[in-house]
Asker: 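A single structure is presented below for examination.
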2 protein chains.
Amino acid sequence: MLGMALEHAILVSLLEQPGSGYELARRFERSIGRFWTATHQQIYRVLKRMEADGWVTAVDVGQDGRPDKRDFTVSAAGREVLTGWLHEPVQPEAVRHDLAVKVRGAAFDDPAGRAALIDEVVRYRAEHEELLARYLAGEKRDFPDISSLRAGERLQHVVLRGGIAYERMLLDWLDEVLITLRHLREES
Amino acid sequence: MLGMALEHAILVSLLEQPGSGYELARRFERSIGRFWTATHQQIYRVLKRMEADGWVTAVDVGQDGRPDKRDFTVSAAGREVLTGWLHEPVQPEAVRHDLAVKVRGAAFDDPAGRAALIDEVVRYRAEHEELLARYLAGEKRDFPDISSLRAGERLQHVVLRGGIAYERMLLDWLDEVLITLRHLREES
DNA sequence: GGTGTCATGTAATATGTTACATGATTCT
DNA sequence: AGAATCATGTAACATATTACATGACACC
């Protein structure tokens, strides 16, 4: 059970705030998704197993105007599993950076293909510029007074700072990539 | 076949330099591994399929003092597959950042557990400091004169710059994380 | 004699992705 | 009337990880 993965992200998210599979999926699209991606199908499957293993307990909640949902809460056993995992060493990350492969691959493409890559990098850059703007807006909204945060909020905030730092670094790097690609275009 | 993955990283690597499965695995531990991780088991399996599909061709090379190896080269068909993929939009990255989950999870750990996390972050930071040093040494060694690089080398270099930028950003962020964790410790 | 590197793989299991499926309500 | 959102899942398939397996040679 070493190094297991989605389970722990779900445990953290449910400890911060109990919720349904659907709500979890939405959180994974937003906040948690900054450092752990998962689709609703994965989440439902893992939640089912976690419930069977007694890591979480579910309560049916009727809602008016909306379908019923099943609200999950972390059990004492689930909390123990999480703390056990927290004390394991951090696993090396599995990196998968599409764009970097494409940039190196551009060496084997023709000028038209490289021109298309420039457009694609521009599009990709715009996406991440928006993402950074959303992170910064979220920081302003959720952590307006940084000096008065409780422990959990401070930890959430420093993780958000990581997302912001990552996006800024990425934008700067994409500018370097664009300079390089445009430079190569002008030479040919 | 959209969005397929390891295949393309292998094609780029073999176009830069033909080689055996073992050599590819070593490259994935080093240079390519900065943006795409893969184990030798994965590589052998995918190479087999790529050979069956005619994307690469293999030549047996006898070596003295060493086991024979099978050297792979990208075929014309493989090159076409790669350029086809290069012209597809970049897929959103699947992020999986263990440490960020643990930092948020630390909110639900006891003081002893948080102290242990500080030690773990320190260890992790030292690992990445070494990695950055290796990248910088590699940059000096492989790109001593930046003004006189050919197209392929310039693209390789800008990708390496990305790795360097990432590691620097990570180290700065880890310092922020340490400040936050130590601050919480002193308050308790 | 033991450790490490070179070189190749198989098998079992776990995880992740994609497509499909349902049904109510709210908004335009 | 049609599209979007809320809410839950199953099934089939693809990919990744982990453990196991073999054998030669080089170096200490």
Side-chain angles (χ1 to χ4, degrees), chain A residues 1-10 18-30 32-33 36-53 56 58-72 85 88 91-98 101, chain B residues 1-10 18-30 32-33 36-53 56 58-72 85 88 91-98 101:
Chain A
M1 212 166 273
L2 243 117
M4 272 211 323
L6 178 53
E7 281 81 342
H8 304 116
I10 289 178
S20 69
Y22 187 84
E23 279 163 7
L24 277 171
R26 304 215 63 203
R27 289 185 216 168
F28 272 83
E29 270 172 22
R30 296 158 190 252
I32 314 283
W36 207 278
T37 48
T39 60
H40 79 272
Q41 294 91 332
Q42 265 177 283
I43 290 166
Y44 281 119
R45 189 170 14 137
V46 170
L47 270 177
K48 198 185 223 177
R49 186 173 58 218
M50 290 169 77
E51 196 189 0
D53 293 344
V56 294
V59 179
D60 285 304
V61 180
Q63 308 182 108
D64 35 66
R66 287 183 188 181
D68 293 358
K69 62 173 184 173
R70 305 191 66 220
D71 242 63
F72 291 93
W85 174 76
E88 282 173 24
Q91 297 298 115
E93 266 85 45
V95 184
R96 229 135 274 195
H97 206 313
D98 225 1
V101 181
Chain B
M1 211 166 276
L2 242 116
M4 272 213 321
L6 178 53
E7 282 80 343
H8 304 117
I10 288 178
S20 68
Y22 187 85
E23 279 163 6
L24 277 171
R26 303 215 63 204
R27 289 185 215 167
F28 272 83
E29 271 173 21
R30 298 159 188 252
I32 314 284
W36 206 277
T37 49
T39 60
H40 79 273
Q41 293 93 333
Q42 264 177 283
I43 290 166
Y44 282 120
R45 182 161 26 115
V46 171
L47 271 177
K48 199 186 224 176
R49 185 172 59 218
M50 289 169 78
E51 197 189 359
D53 292 344
V56 295
V59 179
D60 285 303
V61 180
Q63 308 183 106
D64 35 66
R66 287 182 188 181
D68 292 359
K69 62 173 185 175
R70 305 191 67 219
D71 242 65
F72 291 93
W85 174 76
E88 283 172 23
Q91 297 297 116
E93 266 84 46
V95 184
R96 227 134 274 195
H97 206 313
D98 224 1
V101 181

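Each chain gets a letter, A, B and so on, in the order the sequences are listed, and its residues count up from 1.
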Asker: OP1, OP2 of dC6(D) versus side-chain N and O of S20(A): anything below 4.0 Å?
Answerer: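 S20(A) to dC6(D) OP1/OP2: no side-chain N or O under 4.0 Å.
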
Asker: What heavy-atom pair brings F72(A) and V56(A) nearest, and what distance separates the two atoms?
Answerer: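 Nearest pair, atom of F72(A) first, then V56(A): CD2-CG2, 3.8 Å.
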
Asker: Using the side-chain heavy atoms of R26(B), tell me which of these nucleotides is nearest: dT17(C), dA7(C), dC6(C).
Answerer: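 When the side chain of R26(B) is considered, dC6(C) is the closest of dT17(C), dA7(C), dC6(C).
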
Asker: Check the distance between dA14(C)'s P and R96(B)'s CZ and give it to me in whole angstrom.
Answerer: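 About 17 Å, once rounded to whole Å.
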
Asker: From CD of Q91(B) over to P of dG16(C), roughly how many Å is that when rounded to an integer?
Answerer: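 Answer to the nearest Å: 17 Å.
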
Asker: Report the distance from atom CZ of R45(A) to atom CD of Q41(A), rounding to the nearest 0.5 Å.
Answerer: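 Interatomic distance, R45(A) CZ to Q41(A) CD, rounded to 0.5 Å: 9.0 Å.
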
Asker: Do the side chain of E51(B) and the main chain of K48(B) share a donor and acceptor less than 3.5 angstrom apart?
Answerer: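 Not confirmed, E51(B) side chain does not pair with K48(B) backbone.
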
Asker: What distance separates T39(A) OG1 from F28(A) CZ, expressed to the nearest 0.5 Å?
Answerer: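 So the OG1 of T39(A) and the CZ of F28(A) are separated by 10.0 Å.
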
Asker: Taking atom C1' of dG9(D) as reference, at what distance in whole Å does atom CG of L24(A) sit?
Answerer: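 So the CG-C1' distance, L24(A) to dG9(D), works out to 15 Å.
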
Asker: Is the shortest heavy-atom distance from the side chain of R49(A) to the side chain of E7(A) under 4.5 Å?
Answerer: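 With C-beta onward as the side chain, the pair touches.
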
Asker: Rounded at 0.5 Å granularity, tell me how far CG in L6(B) sits from CD1 in I43(B).
Answerer: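 If we round to the nearest 0.5 Å, L6(B):CG and I43(B):CD1 are 6.5 Å apart.
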
Asker: Are W85(A) and D98(B) close enough that some pair of their side-chain heavy atoms sits under 4.5 Å apart?
Answerer: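 They are in side-chain contact.
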
Asker: Side chain of Y22(A) only, please: which of dT18(C), dC6(D), dG9(C) is the nearest?
Answerer: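 Closest of the options to the side chain of Y22(A): dC6(D).
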
Asker: List, with names and distances, any nitrogen or oxygen atoms from the protein found under 3.5 Å away from nitrogen or oxygen atoms belonging to nucleotides 19-21 of chain C.
Answerer:
{"from": "dA19(C)", "atom 1": "N6", "to": "Q41(A)", "atom 2": "NE2", "distance (Å)": "3.0"}

Asker: Between Q42(B) (CD) and dT18(D) (P), how many Å, whole number?
Answerer: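 Going from Q42(B) (CD) to dT18(D) (P), I get 10 Å.
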
Asker: To the nearest 10 degrees, how far apart in direction are the end axes of the helix from dG1(C)-dC28(D) to dT28(C)-dA1(D), each fit to five base pairs?
Answerer: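 Axis-to-axis angle, ends of the helix: 40°.
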
Asker: Of the options dG9(C), dA16(D), dG9(D), whose atoms approach the side-chain atoms of K48(B) most closely?
Answerer: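 Of the options given, the side chain of K48(B) lies nearest dG9(C).
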
Asker: Can K69(A) and D71(A) be counted as an ion pair, charged N to O under 4.0 angstrom?
Answerer: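 Here K69(A) pairs with D71(A) in a salt bridge, since their nearest N and O are under 4.0 Å apart.
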
Asker: What is the separation between atom OH on Y44(B) and atom P on dC6(C), rounded to the nearest whole Å?
Answerer: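 That distance rounds to 11 Å.
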
Asker: Find the distance K69(A):NZ to dT25(C):C1' and express it as a whole number of Å.
Answerer: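 Taking atom C1' of dT25(C) as the reference, NZ of K69(A) is at 16 Å.
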
Asker: Between L47(A) (CG) and dT15(C) (C1'), how many Å, whole number?
Answerer: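 The distance from CG of L47(A) to C1' of dT15(C) comes to 15 Å, rounded to the nearest Å.
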
Asker: Between dT15(C), dC6(D), dG9(C), which nucleotide gets closest to the side-chain atoms of R49(A)?
Answerer: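 From the listed options, dT15(C) comes nearest.
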
Asker: What distance separates I10(B) CD1 from Q42(B) CD, expressed to the nearest 0.5 Å?
Answerer: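 With rounding to 0.5 Å, CD1 (I10(B)) is 8.5 Å from CD (Q42(B)).
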
Asker: Do the side chain of R96(B) and the main chain of E93(A) share a donor and acceptor less than 3.5 angstrom apart?
Answerer: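 No, the answer is negative, given that no donor and acceptor are paired below the 3.5 Å cut-off.
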
Asker: Could you check whether R45(B) gets within reach of a base, just the sugar-phosphate, or nothing at all, counting any heavy atom under 4.0 Å?
Answerer: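 Base contact - R45(B) has a heavy atom under 4.0 Å of at least one base atom.
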
Asker: Using the side-chain heavy atoms of T39(B), tell me which of these nucleotides is nearest: dA16(D), dT17(D), dT8(C).
Answerer: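 Selected nucleotide: dT17(D).
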
Asker: Return the value, rounded to whole Å, for the distance between atom CD1 of I43(B) and atom C1' of dC6(C).
Answerer: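 Rounded to the whole Å, the gap is 15 Å.
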
